[in-house]
Amino acid sequence: MSKRKLSRQQRWRVEKVQAERAQRAEKRDTQDAEKLAAGEYGAEQPGRVMAHFGRTLEVRNADGMPVRCHLRANLDGLVTGDRVIWRAGQEGSGVVVARDERASVLKRPDARGLLKPVAANIDQILIVFAVEPAPHPNLIDRYLVAAEATGIAPVLVLNKTDLLPDDGGELGQLLERYRDLGYTVVRTTTATDSGLDALRRQLEGRTSVFVGQSGVGKSSLIDLLLPDESLRIGALSEDSRKGTHTTTTARLYAMRTDEVIDGELIDSPGIREFGLIHLDEQAVTDGFIEFRPFIGHCRFRDCRHRAEPGCALLEAVEAGNIHPERFASYRRIVDSLNAEPIRSRP
């Protein structure tokens, strides 16, 4: 689809708006520099970005309290989860003056297909699926590939385990297959008081994000993990003017310390929507972790791992080193790279 061509007047308006924004940012930066030089801002202190609204940030201070800050003009690109250095002003606000190096960054393609950071310093991606609706292995594999491409550790979370048969059934066998590959698997249920204990232990000391198919109970889990936040979010959402940011931007939440020690959660509908549209065939191949010992050992450098002689992956399947269902799932994913991304709604 070709881009719509702007008229001369439309181009002038766009350039005018951009120029005005740049002027405002330059003016604010000059004012900040003058205030900093005059000692009107306090000493530098560490903080973490809780939410991002244009050039305004909500930063958590050392006491765990939110402070509204604005950005220096040379600090574009900050996202929720960034660790920053900020200085307090005289009216309860502040200014962010630097960003620490990121340990990890989660990116998603924008409307133009370009990868854009949406959250930073995430320790694990929790892929939620449920006994009902029954998960298809290929869908789990797609989530795992997408998670592996970020470089952030994936964790499989099976929800609604109270619906499992006593022997675990086929789903229990599938879970053991992923566990044998080295993936962490956590079982949860909201039907018992202790149903979230294993999940809470997995969340301790980490910053996490949840992804998963619609209907698997992500929102219910998040509400239980953040009981003090759900009512506030609902109240804000009733007012479209106040709730806009709540529903469109990633936000960092701290979990209750009496339930999860040092556990944090970054959540937004945009993060829960997770897909493969930006990945190529090589990235998908690399996303199957049991393939890695065999990648690069095919007879032909341009091997597509279909029916080529001397294909190391096909030989690994024949030898039992790669499960045939996982390899079939890999082929389906590669064949569908141009399809729509995985949709996951809260």
Side-chain angles (χ1 to χ4, degrees), residues 25-26 28-29 32-33 35-37 41-89 93-110 114-127 145-155 184 202-211 245 249-255 260-268 270-272 274 278-279 283 286-287 289 292:
E26 184 178 357
R28 180 177 295 164
D29 202 45
D32 286 339
K35 290 180 179 180
L36 288 169
Y41 283 109
E44 293 184 350
Q45 53 185 307
R48 194 167 188 195
V49 178
M50 298 176 65
H52 190 297
F53 313 117
R55 294 198 61 80
T56 302
L57 303 172
E58 194 169 287
V59 175
R60 187 178 61 204
N61 65 16
D63 297 324
M65 300 302 294
V67 179
R68 277 297 176 118
C69 297
H70 57 268
L71 284 168
R72 297 291 303 274
N74 61 343
L75 283 179
D76 283 332
L78 293 186
V79 295
T80 299
D82 270 327
R83 294 183 172 91
V84 297
I85 302 299
W86 69 283
R87 300 176 69 169
S93 62
V95 57
V96 175
V97 297
R99 173 178 66 81
D100 290 346
E101 186 175 351
R102 290 168 173 163
S104 63
V105 59
L106 181 62
K107 299 179 179 180
R108 291 186 65 254
D110 61 14
L114 302 176
L115 287 179
K116 179 181 178 182
V118 293
N121 298 309
I122 297 166
D123 298 308
Q124 58 185 1
I125 296 174
L126 283 83
I127 302 168
V145 168
E148 292 288 346
T150 69
I152 302 170
V155 174
T184 299
Q202 183 64 35
L203 295 170
E204 286 186 354
R206 298 179 175 97
T207 299
S208 309
V209 298
F210 283 80
V211 301
H245 292 314
T249 188
R251 187 170 185 86
L252 175 72
Y253 299 98
M255 283 173 261
V260 179
I261 300 173
D262 294 330
E264 297 175 314
L265 173 65
I266 295 179
D267 184 46
S268 96
I271 288 180
R272 297 187 211 176
F274 209 54
H278 59 291
L279 301 184
D286 293 339
I289 58 176
R292 293 172 185 174

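- Nearest heavy atoms, Arg251 versus Thr80: C-CG2, 3.8 Å.
- Test Val155, Leu126, Ile127 against Phe210 for side-chain contact (heavy atoms from CB on, under 4.5 Å) and you get one pass: Leu126.
- Proximity of a side-chain donor or acceptor of Arg83 to a complementary backbone N or O of Glu101 within less than 3.5 Å is not detected.
- Tested against Asp123 for a side-chain contact (heavy atoms from CB on, under 4.5 Å), the candidates Val209, Leu203, Ile152, Thr207 yield a single pass: Thr207.
- Closest of all the heavy-atom pairs between His70 and Tyr41 is CE1-OH, 3.8 Å.
- Of all heavy-atom pairs spanning Ile266 and Ala120, the tightest one is CD1-O, 4.0 Å.
- The backbone N or O of Glu204 sits nowhere less than 3.5 Å from a side-chain atom of Asp262 that would complete a donor-acceptor pair.
- In this structure, His52 and Leu71 approach most closely via the heavy-atom pair NE2-CD1, 4.2 Å.
- A donor-acceptor pair under 3.5 Å is formed between the side chain of Arg48 and the backbone N or O of Gly81.
- Formation of a donor-acceptor pair under 3.5 Å by the Arg87 side chain with backbone atoms of Gly42 is found in this model.
- Partners of Ser208 under the side chain to side chain donor-acceptor pair (under 3.5 Å) rule, at least two apart in sequence or in another chain, are Gln124.
- Here CG of Leu252 is found 5.0 Å from CD of Glu264. Values are rounded to the nearest 0.5 Å.
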Using the salt bridge (charged side-chain N to carboxylate O under 4.0 Å, His left out) rule, take Glu58 and Arg68 through it: C-alpha gap first, then chi angles, then the decisive distance, then the call.
-> CA-CA 5 Å; Glu58 194 169 287; Arg68 277 297 176 118; 3.7 Å; yes

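- Closest approach of Gln45 to Ala88, counting heavy atoms only: NE2-CB, 4.0 Å.
- Taking both residues in full, the closest heavy atoms of Thr150 and Ile125 are given as OG1-CD1, 3.7 Å, listed atom of the first, atom of the second, then distance.
- Within the 4.5 Å cutoff, no side-chain heavy atoms of Asp100 are placed close to those of Asp82.
- Looking at Asp63, its side chain never comes within 3.5 Å of a backbone N or O of Met65 through a donor-acceptor pair.
- By the 6.0 Å contact criterion, CD1 on Ile289 is enclosed, its count of non-hydrogen atoms from other residues, nucleotides or ligands being greater than 12.
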